[in-house]
Amino acid sequence: MSALQSLRSTYRLNSGHEIPILGYGVYLIPASQTEKAVLEALRVGYRHVDSAIMYRNEKACGRAIANSGLPRSEIFFTTKIPPGSMGYDRTKRAIDSSLREAQQEYFDLILLHAPYGGKEARLGSWKALVEAQKAGKTRSIGVSNYGIHHLDELEEYIKSGGGGQIDVGQYELHPWLDRSEIAEWLQKRNIVVQAYSPLAHGTRMGERVLKELGKKYGKSPAQIMIRWGLQKGFVPLPKSVTPSRIQENAEVFDFALTEEEMKTLHTGEYSPTDWDPTVDYD
């Protein structure tokens, strides 16, 4: 994977397309605030916007992209198929609906949001993603919140002729949520690992280790957590609607944690702040 140089640095996906190594997440941002927030992120220099059907703000993201003055080709735009749209036919409809909703000719990435619905529905949804990719409706495809057993199931399907390849796996990831087994499974296959809720919804900002490292580098606890994710090879997706924090979350390329400091952030703890479909569903 490429060096962690700047906000414009990218990783090459299995699809051959490039993904910026830091993204702007819009989870829990009301649609009424989303366009303004995404425009600010794009102004700061982000070129990667992570949305989902469940977030109900695809349309506002699309408007921000259209009104940014930037070429569409410079912005990496993601959406996700929700649990209620799992299965071949439902996923096909959801993809077309999202393209209309966001007023896009294509998405850069479509993920299956969670491994719900059982094996037949999961594999049917994957088939729909593969067809959408071939049709130019999305450039890359992947999964979110899939456990190892779900990943093994999908890999077996792909190898037996199901088609496509996994470009991205997206998970809640931060120093207090050890998913090293899943990350290793993905990275071994050159699948890019995205980290949603990389700031653990702010629940860990008072941790001593973050304060000490922040003091050393003149950085906030949030910046330390984002930097940790970058150095793990993840693509963090921090979210904020506050302009100063949108800017701050991007200022993580002028320092590097040492190997020893990275080890101190390996807590081994498993404390999700969101849902955890990786272990909850067969």
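This one's a predicted model, so the numbers in the text were calculated from it and none came from an experiment. The figures here come from the full heavy-atom set of this structure, side chains too, leaving out hydrogens, waters and symmetry mates.
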> Would you say His174 and Pro198 make side-chain contact, with heavy atoms under 4.5 Å?
Replying inline: no
>> Is it the case that the side chains of Glu58 and Thr79 hold a donor-acceptor pair, with the cut-off being a distance below 3.5 Å and no angle test?
In response: yes
> Any chance the side chains of Thr273 and Glu172 put a donor and an acceptor closer than 3.5 Å?
Replying inline: yes
>> I'd like to check Pro238 versus Tyr24 (side-chain heavy atoms, cut-off strictly below 4.5 Å). Are they in contact?
In response: no
Name every donor-acceptor pair, under 3.5 Å, that has one atom in a side chain of residues 247-256 and the other anywhere in the protein, sequence neighbours excluded.
residue: Gln247; atom: NE2; partner: Glu251; partner atom: OE2; Å: 3.0
residue: Glu248; atom: OE2; partner: Ser220; partner atom: OG; Å: 2.8
residue: Asn249; atom: ND2; partner: Arg245; partner atom: O; Å: 3.3
residue: Asp254; atom: OD1; partner: Lys219; partner atom: NZ; Å: 2.9
residue: Asp254; atom: OD2; partner: Lys219; partner atom: NZ; Å: 3.2

> Within 45° of the axis and under 6.0 Å from the centre of the six-membered ring of Phe107, does NZ or CZ of Arg139 qualify?
Replying inline: no
>> According to side-chain hydrogen bond (donor to acceptor under 3.5 Å, both in side chains), does anything in residues 155-168 pair up with another residue at least two apart or in another chain? List the pairs.
In response: Glu155-Arg189
> Just wondering, more than 12 heavy atoms not from Arg90 lying within 6.0 Å of its CZ?
Replying inline: no
>> Using a 6.0 Å cut-off, check whether atom NZ of Lys216 has over 12 heavy atoms from anything other than its own residue.
In response: yes
> Can you tell me if Asn145 and Thr278 form a side-chain donor-acceptor pair at under 3.5 Å?
Replying inline: no
> So how far is it from Asn14 CG to Asn190 CG, rounded to the nearest 0.5 Å?
Replying inline: 5.0 Å
> Quick one: does NZ or CZ of Lys127 land under 6.0 Å from the six-membered ring centre of Tyr88, within 45 degrees of the ring axis?
Replying inline: yes
> Is Asp50 salt-bridged to Lys80, cutoff N-O under 4.0 Å?
Replying inline: yes
>> Measuring centre to centre across the rings, with the benzene-like ring taken for any Trp, is Trp176 within less than 6.0 Å of His266?
In response: no
> Do we get Arg8 above Tyr46's six-membered ring, with its NZ or CZ under 6.0 Å from the centre and within 45° of the axis?
Replying inline: no
> So with a 6.0 Å cut-off around CD of Glu212, is the heavy-atom count from everything else above 12?
Replying inline: yes
>> Within the 4.5 Å heavy-atom criterion, are Tyr55 and Ile29 side-chain neighbours or not?
In response: no
>> Using the rule given for side chain to side chain donor-acceptor pair (under 3.5 Å), can you reason through Tyr217 versus Gln223, listing the C-alpha separation, both sets of side-chain angles and the distance that settles it, and then say yes or no?
In response: CA-CA 10 Å; Tyr217 291 105; Gln223 288 169 313; over 6 Å; no
> If only atom types and distance count, is the side chain of Ser68 paired as donor or acceptor with the main-chain N or O of Leu70 below 3.5 Å?
Replying inline: yes
>> Rounded to the nearest 0.5 Å, what separates atom CD1 in Ile141 from atom CD in Gln133?
In response: 4.5 Å
> Under 4.0 Å between a Lys/Arg side-chain N and an Asp/Glu carboxylate O for Lys211 and Glu207?
Replying inline: no
> Regarding Arg63 and Gln103, is there a side-chain donor-to-acceptor distance under 3.5 Å anywhere?
Replying inline: no
> Is the closest side-chain donor-acceptor distance between Asn67 and Glu35 under 3.5 Å?
Replying inline: yes
>> Salt bridge check, Glu153 against Arg122: does any charged N sit closer than 4.0 Å to a carboxylate O?
In response: yes
>> Let me confirm one number: the OH-OG distance from Tyr270 to Ser180, rounded to the nearest 0.5 Å.
In response: 10.5 Å
> Does one side chain, of Thr267 or Asp178, offer a donor that lies under 3.5 Å from an acceptor on the other?
Replying inline: no
> Between atom OG of Ser197 and atom CE of Met225, what is the distance when rounded to the nearest 0.5 Å?
Replying inline: 9.5 Å
> Will you find, in the side chains of Ser271 and Glu269, an N or O donor that is under 3.5 Å from an N or O acceptor?
Replying inline: yes
